[in-house]
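Notes follow once the structure below has been shown.
Chain naming here is simple, since letters A, B, ... match the order of the sequence lines and numbering starts at 1 in each.
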Number of protein chains: 2
Amino acid sequence: MTKQALRRRDRVNAILQSAIAAFRRHGYHGTSLEQIADRLLMTKGSLYYYFKDKEEILYAAHDRALDAVLAELDRARRRGDCPCEQLEGLLAAFIRIMVEGFHGTALALEFGALSPRRLRRVVEKRDRFERGVRDLIQRGAARGCLRPVDPKLAGMALLGAINWIARWYRPDGPAGPEEVAPIFLDLFLGGLAPREASWSLEASRMRRVAAPPASRARDARTGGRQA
Amino acid sequence: MTKQALRRRDRVNAILQSAIAAFRRHGYHGTSLEQIADRLLMTKGSLYYYFKDKEEILYAAHDRALDAVLAELDRARRRGDCPCEQLEGLLAAFIRIMVEGFHGTALALEFGALSPRRLRRVVEKRDRFERGVRDLIQRGAARGCLRPVDPKLAGMALLGAINWIARWYRPDGPAGPEEVAPIFLDLFLGGLAPREASWSLEASRMRRVAAPPASRARDARTGGRQA
DNA sequence: GGCGAATTTGACTAATGGGTTGAATTTTAA
DNA sequence: TTAAAATTCAACCCATTAGTCAAATTCGCC
């Protein structure tokens, strides 16, 4: 890769990073190109050397983020043959992407401002990912390593919980990626009800018998909070 | 209540409903006051008879939605003395609010555009609600009717899954409020792992033994999808 | 019907911000 | 060293939109 191409790639990355941060805070329409440029010590005009227009920045952000999670979907599928493990790995990677880099945060961005053509492409990729998650849930249920739950609603619940991370996670908070992922997975897989209680959907209306007093509740160390 | 006050209340409600719908689709800054007014066969100027400025509309939307869920928090607390039941009731009500009315959808709205004074009040109410949820989780764990999980992260996961509903739920979809709430609660409480599998956080890295083939996976009927 | 208050209007403004352009500056390669 | 290519910049245009206000209209009530 030539020196110029390298520089260009870094420049594009920096612009996207700045734009995503601003979009998340002020929304797409609430962010001016000057704001994006200022943070990079550039001027608005320079942005147009790298992107055709503002909308293309939003599209690029979405597209990259979706590529990242779709790559994780592929990788998860190639791993161990147990669907529940594949799902676990995928969700862990998804959480990591969401927490670590700026890539994931774009997934929680609004995309109503995209042109119909670009919107179609974004939605198509997003749907591919969601279908992949649902597929793993379904295959896990068929194999017996996961409970038989509604795949669509369960998938939306999982993705919602993860996508929402972008709204509250702060890098300077006490919880890093290594903490969030296992705790979330523990919750997703184990649920809130204790294993001792014979809990089931059918019995959910019945009063559950309290299990023996739990071991000391582990102390909560969690992330910062959005202002 | 006088006839005029009644009319005024209805008018304010209609404006909020229109505004929330528009904000959700185009974002706060992407929504013009004319758009809000047009849908009500009004003109922009009329809106200023009911609201001081655009930001006050956003604030009112948030404030009402928060009052609605805080009322449910109070109600849940007054109910049965088992924290897990209180939590279950609260989450069910929260889901219902989110799915049914336009109120809940305001909870998923951006609030970065609020003035510091109003932002403070919104955040204060939101935090009160989140603390309430965490408190129930913690008390449930102490009592043994819930697993001992990280209260903060578990709370954020639950609220994230529910808040995200505003992004995908469509009233004209096949799933109504009566379906979403029990399925979500089933997932929250029971988790994905089958009861037979001896699953735990510590063992989560171990390969889980597949349980006997599950009963036929129930068919999925779920809501529509955002464009 | 008609009076006064409540409500709506639409034209106006001031400011913002997306997008354009061509010249200036820097970098690259020969 | 130099010319071409790559990159940045500042000034400009123009459409959009939040907010204002005095006039017009409707409404509740006698």
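Distance, A:Arg8 CZ to D:dA5 C1': 13 Å, rounded to whole Å. The distance from atom NZ of B:Lys52 to atom P of D:dG19 is 8 Å, rounded to the nearest whole Å. In this structure, B:Gln4 atom CD and D:dC27 atom P are separated by 11 Å, rounded to whole Å. When the P atom of D:dT8 is taken as reference, atom CG of A:Asp38 falls 15 Å away, rounded to whole Å. One interatomic measurement links the two molecules: CG of A:Leu40 to C1' of D:dC9, which rounds to 15 Å at whole-angstrom precision. Taking atom CG on B:Asp10 and atom C1' on C:dT7, their separation rounds to 15 Å, with Å as the unit. At whole-Å resolution of the value, NZ in A:Lys54 and C1' in C:dG17 are 8 Å apart. Nucleotide C:dG17 holds its C1' atom 12 Å from the OH atom of A:Tyr28, rounded to whole Å.
Between B:Gly30 and A:Leu41, the residue whose closest nucleotide on DNA chain D is further toward the 5' end is A:Leu41. Ranked by how close their nearest DNA chain D nucleotide is to the 5' end, B:Thr2 and B:Glu34 are led by B:Glu34.
Residue B:Tyr49 places none of its side-chain N or O atoms closer than 4.0 Å to OP1 or OP2 of C:dT9. In this model, the phosphate group of D:dA5 is not approached by any side-chain N or O of A:Arg7 to a distance below 4.0 Å at OP1 or OP2. In terms of phosphate contacts, B:Ser46 brings a side-chain nitrogen or oxygen within less than 4.0 Å of OP1 or OP2 of C:dT9. In this model, the phosphate group of D:dC21 is not approached by any side-chain N or O of B:Tyr48 to a distance below 4.0 Å at OP1 or OP2. The phosphate of C:dA6 (OP1 or OP2) has no side-chain N or O of B:Arg11 nearer than 4.0 angstrom.
A salt bridge does not link B:Asp63 with B:Arg121: none of the charged nitrogens is closer than 4.0 Å to a carboxylate oxygen. Between A:Glu72 and A:Arg75, at least one side-chain nitrogen of the basic residue sits less than 4.0 Å from a carboxylate oxygen of the acidic one, meeting the salt-bridge criterion. The pair A:Glu124-A:Arg128 meets the salt-bridge criterion, with a side-chain N (NZ, NE, NH1 or NH2) lying under 4.0 Å from an Asp/Glu carboxylate O.
At least one side-chain heavy atom of A:Ile162 sits less than 4.5 Å from a side-chain heavy atom of A:Phe188.
At a threshold of 4.0 angstrom between heavy atoms, the contacts of A:Lys44 include nucleobase atoms, whether or not backbone atoms are also involved. A:Phe51 comes within 4.0 angstrom of no nucleic acid atom, judged by non-hydrogen atoms across all strands. At the heavy-atom level, B:Ser32 lies under 4.0 Å from the strands shown only through sugar-phosphate atoms.
Distances were taken from every side-chain heavy atom of A:Thr43 (C-beta onward) to each of C:dT7, D:dC9, C:dG19; the shortest belongs to D:dC9.
By the 6.0 Å and 45° rule, A:Lys52 does not stack over the aromatic ring of A:Tyr59.
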